[in-house]
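Below is one structure, written out as structure tokens, with a few remarks after it.
Positions are given from 1 along the sequence.
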Amino acid sequence: PTNHELKIPAVSIQGIPKSLAQILEVVYEMEINGYSRTEATKRVAHKRGTSPQTITDKYCRQIGKKAHEIDQLLSEPGYEGFKKILESKFGAYQQVIESYFETLMVAVE
């Protein structure tokens, strides 16, 4: 199945932590739909019926980084540093994270 429509696919992998799902959705919005991190955060928050602050909190607290540090990580080609941090935080979901980013990168090409 292709997810090339301009909607946010909810990351609904069985048992994936909500915080990880939300982080991946923000990345999707940035990568596929070209939004800034703040705009992407607003869209994910709206879709999930929560406040942007809640989503921002999730990724800042989960990853232990400030917003500007996250911006820096997200500007790296292939998100290598960001991916490593996610994989170390959510070790049990390394495979999920890995394949999510691979799919994302293929969709962009």
Partner of Q62 under side chain to side chain contact (heavy atoms under 4.5 Å, CB included), picked from L86, I23, I85, is I23

Of E39, R37, E25, the one forming a side chain to side chain contact (heavy atoms under 4.5 Å, CB included) with M30 is R37

Is there a donor-acceptor pair closer than 3.5 Å between any side-chain N or O of [X] and the backbone N or O of [Y]?
X	Y	answer
Y100	L24	yes
E69	K66	yes
E76	G81	yes
T54	T50	no

Between [X] and [Y], is any pair of side-chain heavy atoms under 4.5 Å apart?
X	Y	result
I97	L20	yes
T38	P52	no
Y28	N33	yes

How many angstroms lie between [atom1] in [X] and [atom2] in [Y], if you round to the nearest 0.5 Å?
X	Y	atom1	atom2	answer
Q53	C60	CD	SG	8.0 Å
K65	D71	NZ	CG	13.0 Å
S19	D57	OG	CG	11.5 Å
E98	Q95	CD	CD	7.0 Å
Q94	K89	CD	NZ	14.5 Å

(message) Using the rule that Ile, Leu, Val, Met, Phe, Trp and Tyr join whenever any side-chain heavy atoms are under 4.5 Å apart, tell me whether I16 and Y59 fall into a single cluster.
(response) yes

Q | Path from I32 to Y35 over hydrophobic side-chain contacts below 4.5 Å | A | no

Here the ring-ring contact (aromatic ring centres under 6.0 Å, His included) pairs for residues 67-88, sequence neighbours left out, are Y79-F101

Sorted by chain and number, sequence neighbours left out, side chain to side chain donor-acceptor pair (under 3.5 Å) with E80 holds for K83

